Visitor: 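Here it is, the structure in full.
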Number of protein chains: 2
Amino acid sequence: MALEHAILVSLLEQPGSGYELARRFDRSIGRFWTATHQQIYRVLRRMEADGWVAGQEIAQDGRPDKKVWSGTAAGRRALVDWLHEPVEPETVRHELAVKIRAAAFDDPSALVPEVERHRAEHAALLERYLVGERRDFPDPAALDDQQRLQHVVLRGGIEYERMILAWLDDVLATLHRLGTPPPTPSTPGT
Amino acid sequence: MALEHAILVSLLEQPGSGYELARRFDRSIGRFWTATHQQIYRVLRRMEADGWVAGQEIAQDGRPDKKVWSGTAAGRRALVDWLHEPVEPETVRHELAVKIRAAAFDDPSALVPEVERHRAEHAALLERYLVGERRDFPDPAALDDQQRLQHVVLRGGIEYERMILAWLDDVLATLHRLGTPPPTPSTPGT
DNA sequence: CGCACCATGTAAATAGTTACATGATTCC
DNA sequence: GGAATCATGTAACTATTTACATGGTGCG
């Protein structure tokens with residue numbers, strides 16, 4: 001399981017509260033591992049019991065108290081152990097692809113707005129990645145190892161979004177082309 | 001949830017037993033939605049209770065009896081209803097990306113064999129997709145609507161694998177480049 | 001006042017994985 | 001004889017999602 005490890009990476013890079021972690025999972029880390037705050041709080045307590053993280057209560061005025069978590073030495077050892085275990089290539093879950101094949105059992109053009117909506121969301125995400133890349137990695141020659149690794153993961157996200165956009169264009173073109181030449185020969189020449 | 005719907009698509013395209021479904025989920029459907037046979041059998045019984053699928057016992061000699069499932073008209077209606085509901089763009093879960101960022105907290109070169117292993121698996125998968133494409137869609141101009149939709153989903157899988165391969169090459173190049181110019185200035189000029 | 005943001009949680013339900021079980025046939 | 005394939009399942013566990021709950025601050 002990688003949620004523990006994703007949290008460890010995030011906390012070792014930068015300590016933070018459960019809430020802050022949840023926001024990071026909505027942004028950078030969430031590119032390759034998602035989690036809601038409910039899950040994060042629960043896992044954080046388990047990790048505390050295992051000694052992987054340690055929390056410190058911070059009183060704030062004007063805002064609720066928060067608990068800032070850090071990765072411990074034991075947490076780092078657990079992360080390194082995990083790093084040496086093989087993981088299986090990800091199991092893909094792509095609901096839109098299920099829908100595209102399902103469209104054969106309905107009017108496929110009904111799917112066009114849905115695909116266009118996904119296209120717009122992916123285009124917006126790509127734009128956010130590119131803005132983040134210019135902000136965080138303006139000079140690729142001046143990065144330390146940690147930043148180079150962060151950058152190569154971000155490049156993966158960027159290339160993924162570019163690929164998806166091109167594919168969604170292919171899907172739209174395919175949907176528009178349906179119902180023409182060979183399919184269901186029900187209306188012959190007049 | 002899409003497992004029910006993925007099963008419906010598969011059964012509407014071609015009826016089959018739970019076992020056969022599980023094998024399809026290891027192959028074609030599994031490109032974009034994975035499921036184990038345990039899950040499939042459980043969901044199949046729920047779908048039967050909902051009237052979405054109907055099973056027929058087939059006695060076989062030399063082999064165990066099997067139950068061949070088909071999608072019903074009600075199942076097809078449920079699929080079409082789902083088609084008209086919006087789905088959210090997929091939540092990506094990419095464990096290897098977590099590992100790549102985690103590599104900053106260990107010797108990053110230890111990750112090279114793992115990345116190479118993933119690269120080899122993705123290359124093999126791409127090869128299988130391309131073989132399947134030549135076999136199932138030799139003449140793209142002669143396809144009916146259902147096949148065109150299957151083909152565009154397969155093209156998505158192909159482009160995904162190509163993108164991943166290019167990215168893993170980028171990751172390997174990045175890993176090899178680590179520890180050079182700017183990082184951790186601990187050993188100055190002699 | 002209502003909404004958004006900060007901050008942390010509980011409870012319940014659903015989904016998914018892992019381990020185990022059974023039993024026949026075919027291939028090496 | 002042992003392994004792989006066909007075929008179907010139960011049980012236990014773990015992970016994830018969804019809904020609900022609380023309460024303060026700052027903004028328009």
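All heavy atoms count here, side chains included; hydrogens, waters and symmetry mates do not. Just so you know, these numbers come straight off a predicted model, no measurement behind them. Chain A is the first sequence line, chain B the second, and so forth, proteins listed ahead of strands; every chain is numbered from 1.
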Visitor: Which nucleotide sits closest to the side chain of B/Thr36: C/dT18, D/dT10, C/dA7?
Guide: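 My answer, after comparing the listed nucleotides, is C/dT18.
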Visitor: Once you round it to whole Å, what is the distance between P of C/dA19 and OH of B/Tyr41?
Guide: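 Value for this atom pair: 20 Å.
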Visitor: Can you work out whether A/Ser17 or B/Leu3 has the more 5'-proximal nearest nucleotide on DNA chain C?
Guide: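 Its nearest nucleotide lies further toward 5', so the answer is A/Ser17.
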Visitor: Expressed as a whole number of angstroms, how long is the span from B/Leu44:CG to D/dG9:P?
Guide: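 Value for this atom pair: 9 Å.
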Visitor: Counting only side-chain nitrogens and oxygens, does B/Arg45 get under 4.0 Å of the OP1 or OP2 atom of D/dT8?
Guide: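 Answer no for this pair, as no side-chain N or O of B/Arg45 is under 4.0 Å from OP1 or OP2.
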Visitor: What heavy-atom pair brings B/Gly75 and B/Leu8 nearest, and what distance separates the two atoms?
Guide: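 Closest approach of B/Gly75 to B/Leu8: O-CD1, 3.4 Å.
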Visitor: Rounded to whole Å, how long is the line connecting atom NE2 of B/His37 with atom P of C/dC20?
Guide: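 From B/His37 NE2 to C/dC20 P: 14 Å.
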Visitor: So, is B/Tyr19 close to the D/dC6 phosphate, meaning a side-chain N or O under 4.0 Å from OP1 or OP2?
Guide: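 Affirmative; the distance criterion is met.
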Visitor: Using whole Å, report how far CD of B/Glu90 lies from C1' of D/dT17.
Guide: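 So the CD-C1' distance, B/Glu90 to D/dT17, works out to 17 Å.
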Visitor: Which nucleotide in the set D/dT8, C/dC6, D/dA7 lies at the smallest distance from any side-chain heavy atom of B/Glu20?
Guide: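 That would be D/dA7.
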Visitor: Send over the distance from A/Leu21 CG to C/dG9 C1', rounded to a whole Å.
Guide: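 Result: 15 Å.
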Visitor: Can you tell me whether the side chain of A/Arg42 and the base of D/dT17 have a donor-acceptor pair closer than 3.5 Å?
Guide: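 Yes.
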Visitor: Quickly, which of B/Tyr160, B/Phe25, B/Tyr129 forms a side chain to side chain contact (heavy atoms under 4.5 Å, CB included) with B/Arg31? Name it, please.
Guide: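 Per the side chain to side chain contact (heavy atoms under 4.5 Å, CB included) rule, the option paired with B/Arg31 is B/Tyr129, out of B/Tyr160, B/Phe25, B/Tyr129.
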Visitor: A/Gln38 near the nucleic acid: base, sugar-phosphate alone, or nothing, with a heavy-atom cut-off under 4.0 Å?
Guide: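 A/Gln38: base contact, heavy atoms under 4.0 Å.
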Visitor: Which nucleotide wins on minimum distance to the side chain of A/Arg46, given the candidates D/dA15, C/dT10, C/dT8?
Guide: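 Within the option list, the nearest is D/dA15.
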Visitor: Please name the residue in the list A/Lys66, A/Arg63, A/Lys67 that meets the side chain to side chain contact (heavy atoms under 4.5 Å, CB included) test with A/Ile58.
Guide: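 Between A/Ile58 and the candidates, side chain to side chain contact (heavy atoms under 4.5 Å, CB included) is satisfied uniquely by A/Lys66.
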Visitor: Hey, which of these two, A/Ala35 or B/Arg23, hits DNA chain D nearer its 5' end, going by closest nucleotide?
Guide: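 This one resolves to B/Arg23.
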Visitor: Between B/Pro64 and A/Pro64, which has a closest nucleotide on DNA chain C that is more 5'?
Guide: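 Taking each residue's closest nucleotide, the earlier one in sequence belongs to A/Pro64.
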Visitor: So which of A/Gln146, A/Gln150, A/Arg24 actually passes side chain to side chain donor-acceptor pair (under 3.5 Å) with A/Glu13?
Guide: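 Filter result, single survivor: A/Gln150.
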Visitor: Provide, to the nearest angstrom, the distance between the CG atom belonging to A/Asp65 and the P atom belonging to C/dG9.
Guide: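 Checked: the CG to P distance equals 11 Å.
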Visitor: From CZ of A/Arg93 over to C1' of C/dA15, roughly how many Å is that when rounded to an integer?
Guide: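 Distance check: A/Arg93 CZ to C/dA15 C1' gives 8 Å.
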Visitor: So which one's nearest nucleotide on DNA chain D is more toward 5', A/Gln39 or B/Lys66?
Guide: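 The residue whose closest nucleotide sits nearer the 5' end is B/Lys66.
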Visitor: At under 4.0 Å between heavy atoms, what does A/Thr34 touch on the DNA or RNA strands: base, sugar-phosphate, or nothing?
Guide: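 Touches nothing.
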Visitor: For B/Trp52 and B/His5, take the angle between the two ring planes, folded into 0 to 90°, and tell me which bin it lands in: parallel under 30, tilted 30 to 60, perpendicular over 60.
Guide: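 Rings of B/Trp52 and B/His5: tilted, as their planes differ by 30° to 60°.
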Visitor: How close or far is atom P of C/dG9 from atom CH2 of A/Trp69, stated in whole angstroms?
Guide: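 After rounding, the reported distance stands at 8 Å.
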